[in-house]
Amino acid sequence: MGNLRAWIGLGLVLLALGACSRGDPTLMNLRQDGEGPDEFSVLPTRPLEIPENLATLPDPRLSGGNLADPDPEADVAAALGGNVNRASTGSQSLVSHAARFGVGADIRETLAEEDLEFRRRNDGRLLERLFAVNVYYRAYRVMALDRYAELERMRAAGIRTPAAPPEEFGTLEE
């Protein structure tokens, strides 16, 4: 009788462990399940304005844009002090410079595969998986950037940090 109870207990434990397994480990359960928008293709529009001269408005066309449509290349050129009219030619040299060491056409797929393998290696301990404890921050801790240490390193190297609070206001952690 005791041997039967041991076998039943062992079977229940194995059944419970089998129920905990997953095919695709996810740390934060951030998964797009539908055909929703691509987060990189959604751009906010500019506020609507009435120009001083209505004759400067473009002719309405089905394929044409309007003044409220975003123009990221021209915005970048203007923010960097460049010529907005040369944005299309200037952006090509920027892309060429950024891609000078080569660009993988399948970068998203490569990163997704590498991240999946990393998450499989850092999937949490048995009880963390059993009780669905979030191990995201512990798994990615080695990749995190300490912004305060980086700010101090940059200041010590003489690099200007205009977006950070000035040093005379004390430490950033206060």
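Positions are given from 1 along the sequence.
- Applying side-chain contact (heavy atoms from CB on, under 4.5 Å) to L111 and the options E114, R108, E113 leaves one that passes, E114.
- Qualifying side-chain hydrogen bond (donor to acceptor under 3.5 Å, both in side chains) partners for E150, counting only residues two or more places apart in sequence or in other chains: R153.
- M143 and L145 fall into different hydrophobic clusters, where Ile, Leu, Val, Met, Phe, Trp and Tyr side chains are chained together by heavy-atom contacts under 4.5 Å.
- The number of heavy-atom neighbours closer than 6.0 Å to CG of L48, taken from other residues, nucleotides and ligands shown, is 12 or below.
- Every residue was checked against the side-chain hydrogen bond (donor to acceptor under 3.5 Å, both in side chains) condition with R160, not counting sequence neighbours, and none meets it.
- Taking CD1 of I8 as the start and CG of L12 as the end, the distance is 7.5 Å to the nearest 0.5 Å.
- L54 meets the side chain to side chain contact (heavy atoms under 4.5 Å, CB included) test with I50, P51, L57; sequence neighbours excluded.
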